[in-house]
Q: 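So that we are looking at the same thing, I have put the structure below in structure tokens.
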There are 2 protein chains.
Amino acid sequence: MARKPADQSVDREDILWAAAEVLHRNGYEATTMKDIAAQVNLTAASLYHHFKNKDFLLLNVLEVGLDLTIDKLERIDASKLSCAEKLSAMIRSHVVSVTGNVAVGAAMVFEIRALLNVSVGAKNSDESFTREFVARRNQFFARRDYFEGLFRNIVRAGIEAGEFREVDAAIVTKAMLGAHNWVGVWFKEGGRLSGEAVADVMVDTWLAALGR
Amino acid sequence: MARKPADQSVDREDILWAAAEVLHRNGYEATTMKDIAAQVNLTAASLYHHFKNKDFLLLNVLEVGLDLTIDKLERIDASKLSCAEKLSAMIRSHVVSVTGNVAVGAAMVFEIRALLNVSVGAKNSDESFTREFVARRNQFFARRDYFEGLFRNIVRAGIEAGEFREVDAAIVTKAMLGAHNWVGVWFKEGGRLSGEAVADVMVDTWLAALGR
DNA sequence: CCAAGAATCAAATGACTGTTCGATTATAGG
DNA sequence: CCTATAATCGAACAGTCATTTGATTCTTGG
């Protein structure tokens with residue numbers, strides 16, 4: 001190997017977080033490779049040493065963000081808490097994740113469509129790039145469904161256990177995730193409420209909505 | 001005046017709806033003037049006869065969408081219903097609006113950031129264009145806050161009237177709107193539930209969340 | 001200290017896009 | 001039937017951006 005100095009060199013992760021921030025500010029299409037590079041004191045060309053291209057870079061940001069969130073949720077899911085307690089913990093975890101890294105949280109909301117609009121179209125030469133991208137993108141969406149399923153399953157289990165009232169679990173879950181995602185849009189560090197406090201309100205709200 | 005034939009000629013409104021659809025599919029930055037024009041069988045150049053430029057076109061789409069929604073909400077707000085009844089009607093109205101025109105509904109979520117990223121920057125020649133745009137954009141955001149206030153005020157009023165339990169009205173309102181906005185992201189015509197049915201679930205959910 | 005590869009950059013490329021301009025066509029009112 | 005003007009288009013412009021290429025500069029294992 002070679003070159004991994006103190007200040008100039010940055011690794012994949014650094015670029016990923018930088019990209020998330022710029023993406024949060026500008027949106028995918030309005031974000032240039034130059035913008036991202038500038039955020040880590042590189043030139044656009046250098047980014048191609050770390051990522052195949054802009055699309056893969058975006059996909060990577062989303063993958064990392066989703067993985068972090070899912071990881072915490074799975075730990076809660078595996079615990080021996082009641083459904084209501086599990087749901088509370090999951091809501092808190094999700095909301096705190098979003099408020100703790102608004103850049104990634106917002107990316108999960110806003111940039112997903114950009115993912116769909118990628119040149120599956122036509123002319124682009126490299127067939128192999130496209131194939132790999134489509135495969136990973138599908139995998140991402142599957143993982144996103146899995147993420148939603150984690151919440152939906154708890155809601156269903158709670159209903160069956162008699163802890164929650166009988167609701168349309170699928171719709172209520174989507175409503176819940178919509179509310180959480182939206183937090184990434186309006187939350188500002190240093191506002192009236194901390195991320196934890198917002199999470200508390202959300203927990204209270206959804207337990208009331210599901211309460212018997 | 002002149003030329004307003006049967007098939008070839010389209011008016012501002014036609015372009016507005018077409019733009020909303022393309023915007024919904026692609027997002028602002030990824031949407032080209034050519035795309036929008038194609039949707040109404042025009043060339044990109046022709047669009048400039050109806051709109052000053054791309055930014056004003058986007059702004060127009062959002063303005064129309066917001067006005068339509070606010071109009072219905074104000075009528076409900078002016079009625080003599082109880083707070084719970086008003087809130088139910090407003091939720092139903094909002095959700096039905098979103099499901100009834102997903103294109104506009106999604107634009108209200110996704111394209112707003114594009115509005116913020118408009119070249120208030122520098123070089124652009126026409127000072128007057130920029131000034132007018134900034135003014136109208138600020139007005140739009142003010143109107144959007146007003147829209148949120150309509151919901152928030154009912155929640156507050158309901159709490160004071162003892163119809164709702166005591167919650168953080170600001171946060172709960174944002175949660176509510178987040179849930180509704182998200183509907184525009186996942187709702188598909190012809191799915192398991194109609195727009196009305198989804199609206200019913202939302203009403204039920206939020207009344208439960210606020211119920212004493 | 002050397003050699004191999006990692007990390008970086010400057011410059012060039014090719015494609016696409018918003019926008020303008022001048023010309024053309026169609027329409028409604030006189 | 002004219003004519004002013006609304007609506008449209010083709011072509012060209014200027015700018016931006018993702019990406020490639022080839023060279024250059026570190027860094028480290030041997």
Side-chain angles (χ1 to χ4, degrees), chain A residues 1-16 18-19 22-23 26-60 114 117-119 121-130 133, chain B residues 1-16 18-19 22-23 26-60 114 117-119 121-130 133:
Chain A
M1 287 160 233
R3 206 187 217 196
K4 202 180 169 190
D7 58 307
Q8 22 183 348
S9 191
V10 296
D11 59 13
R12 271 179 79 93
E13 285 249 351
D14 295 329
I15 298 176
L16 243 27
V22 183
L23 246 27
N26 302 341
Y28 184 66
E29 306 290 346
T31 294
T32 69
M33 292 296 268
K34 201 176 165 187
D35 290 337
I36 299 172
Q39 189 85 359
V40 287
N41 290 319
L42 288 183
T43 59
S46 301
L47 296 181
Y48 289 82
H49 187 73
H50 302 273
F51 297 91
K52 291 202 178 78
N53 59 35
K54 193 183 173 188
D55 293 323
F56 277 94
L57 176 49
L58 165 65
L59 184 51
N60 254 280
N117 258 70
V118 170
S119 64
K123 52 230 160 186
N124 264 333
S125 48
D126 276 298
E127 279 267 339
S128 69
F129 268 34
T130 302
F133 182 81
Chain B
M1 286 156 234
R3 206 186 217 196
K4 202 179 167 190
D7 58 307
Q8 23 184 345
S9 190
V10 296
D11 58 14
R12 271 179 80 91
E13 284 250 352
D14 294 328
I15 298 176
L16 243 27
V22 182
L23 247 26
N26 302 342
Y28 184 66
E29 306 289 347
T31 294
T32 70
M33 293 297 268
K34 202 175 164 189
D35 289 338
I36 299 173
Q39 188 85 1
V40 288
N41 289 318
L42 289 182
T43 60
S46 301
L47 295 181
Y48 288 81
H49 187 72
H50 301 273
F51 298 91
K52 290 202 179 76
N53 60 34
K54 192 184 172 187
D55 292 324
F56 276 94
L57 177 50
L58 164 65
L59 184 51
N60 254 280
N117 257 72
V118 170
S119 63
K123 52 228 161 184
N124 263 334
S125 49
D126 278 296
E127 280 266 340
S128 69
F129 268 35
T130 302
F133 181 81

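Everything quoted here is computed from the prediction, not taken from an experiment. Reminder, nothing fancy here: chain letters follow the sequence lines and each chain counts from 1.
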Q: Would you mind telling me which of dG18(C), dC17(D), dT19(D) lies closest to the side-chain atoms of T32(A)?
A: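 Looking only at heavy atoms from C-beta outward on T32(A), the closest nucleotide is dC17(D).
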Q: Could you tell me how far apart Y48(B) (OH) and dA23(C) (P) are, to the nearest whole angstrom?
A: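 After rounding, the gap between these two atoms is 21 Å.
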Q: Taking side chain to side chain contact (heavy atoms under 4.5 Å, CB included) as the definition, give me every residue that meets it alongside A37(B), ordered by chain and number, with sequence neighbours left out.
A: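 Partners of A37(B) by the side chain to side chain contact (heavy atoms under 4.5 Å, CB included) criterion, ordered by chain and then number, come out as L42(B), L47(B).
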Q: Measure CZ/R12(B) against P/dA7(D) and give the value in whole Å, please.
A: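 Distance check: R12(B) CZ to dA7(D) P gives 11 Å.
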Q: Who passes salt bridge (charged side-chain N to carboxylate O under 4.0 Å, His left out) against K34(A), sequence neighbours left out?
A: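 K34(A) satisfies salt bridge (charged side-chain N to carboxylate O under 4.0 Å, His left out) with no other residue.
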Q: To the nearest Å, how far apart are L47(A) CG and dT8(C) P?
A: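 Value for this atom pair: 9 Å.
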Q: With the side chain of H49(A) defined as its heavy atoms from C-beta on, choose the nearest nucleotide among dT19(D), dA7(D), dA6(C).
A: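 So the nucleotide nearest the side chain must be dA6(C).
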Q: Would you indicate, yes or no, if dT8(D) has its OP1 or OP2 atom less than 4.0 angstrom from a side-chain nitrogen or oxygen of H50(B)?
A: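 For dT8(D), OP1/OP2 do have a side-chain N/O of H50(B) under 4.0 Å.
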Q: Any protein N or O atoms within reach of nucleotides 9-11 of chain D? Criterion: under 3.5 Å, listing atom names and distances.
A:
{"unit_1": "dC9(D)", "atom_1": "OP2", "unit_2": "T43(B)", "atom_2": "N", "d": "2.8"}
{"unit_1": "dC9(D)", "atom_1": "OP2", "unit_2": "T43(B)", "atom_2": "OG1", "d": "3.3"}
{"unit_1": "dC9(D)", "atom_1": "OP2", "unit_2": "S46(B)", "atom_2": "OG", "d": "2.7"}

Q: Within this structure, what is the NZ-to-C1' distance between K54(B) and dT16(D), rounded to whole angstrom?
A: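 In whole Å, dT16(D) C1' lies 13 Å from K54(B) NZ.
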Q: Is the backbone of L57(B) close enough, under 3.5 Å, to the side chain of N60(B) for a donor and an acceptor to pair up by distance?
A: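 A pair under 3.5 Å: no.
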Q: Whole-Å distance between dT19(D) C1' and F51(A) CZ?
A: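 It is 16 Å, rounded to the nearest whole Å.
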Q: Quick test of your reading: applying ring pair (Phe, Tyr, Trp, His ring centres under 6.0 Å), list the pairs with at least one residue in residues 37-58 of chain B, sequence neighbours left out, ordered by first then second residue.
A: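 Those involving residues 37-58 of chain B are F56(B)-F133(B).
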Q: Just the rounded figure in Å: distance from P of dT17(C) to CG of N53(B).
A: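 So the two atoms are 17 Å apart, to the nearest Å.
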Q: Quick check against the 3.5 Å criterion: does K54(B) have a side-chain atom that pairs as donor or acceptor with the backbone of T32(B)?
A: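 Checked: no pair found.
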Q: Tell me the salt bridge (Lys or Arg N to Asp or Glu O under 4.0 Å) pairs involving residues 40-52 of chain A, sequence neighbours left out?
A: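 For residues 40-52 of chain A: K52(A)-E132(A).
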Q: Considering residues at least two apart in sequence or located in another chain, which fulfil the side chain to side chain donor-acceptor pair (under 3.5 Å) criterion with Q39(A)?
A: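 Checked Q39(A) against side chain to side chain donor-acceptor pair (under 3.5 Å); matches are E21(A), R25(A).
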Q: Between M33(B) (CE) and dA14(D) (P), how many Å, whole number?
A: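 After rounding, the gap between these two atoms is 20 Å.
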Q: For the pair made of CZ in F129(A) and C1' in dT19(D), what is the distance, rounded to whole Å?
A: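 So the CZ-C1' distance, F129(A) to dT19(D), works out to 10 Å.
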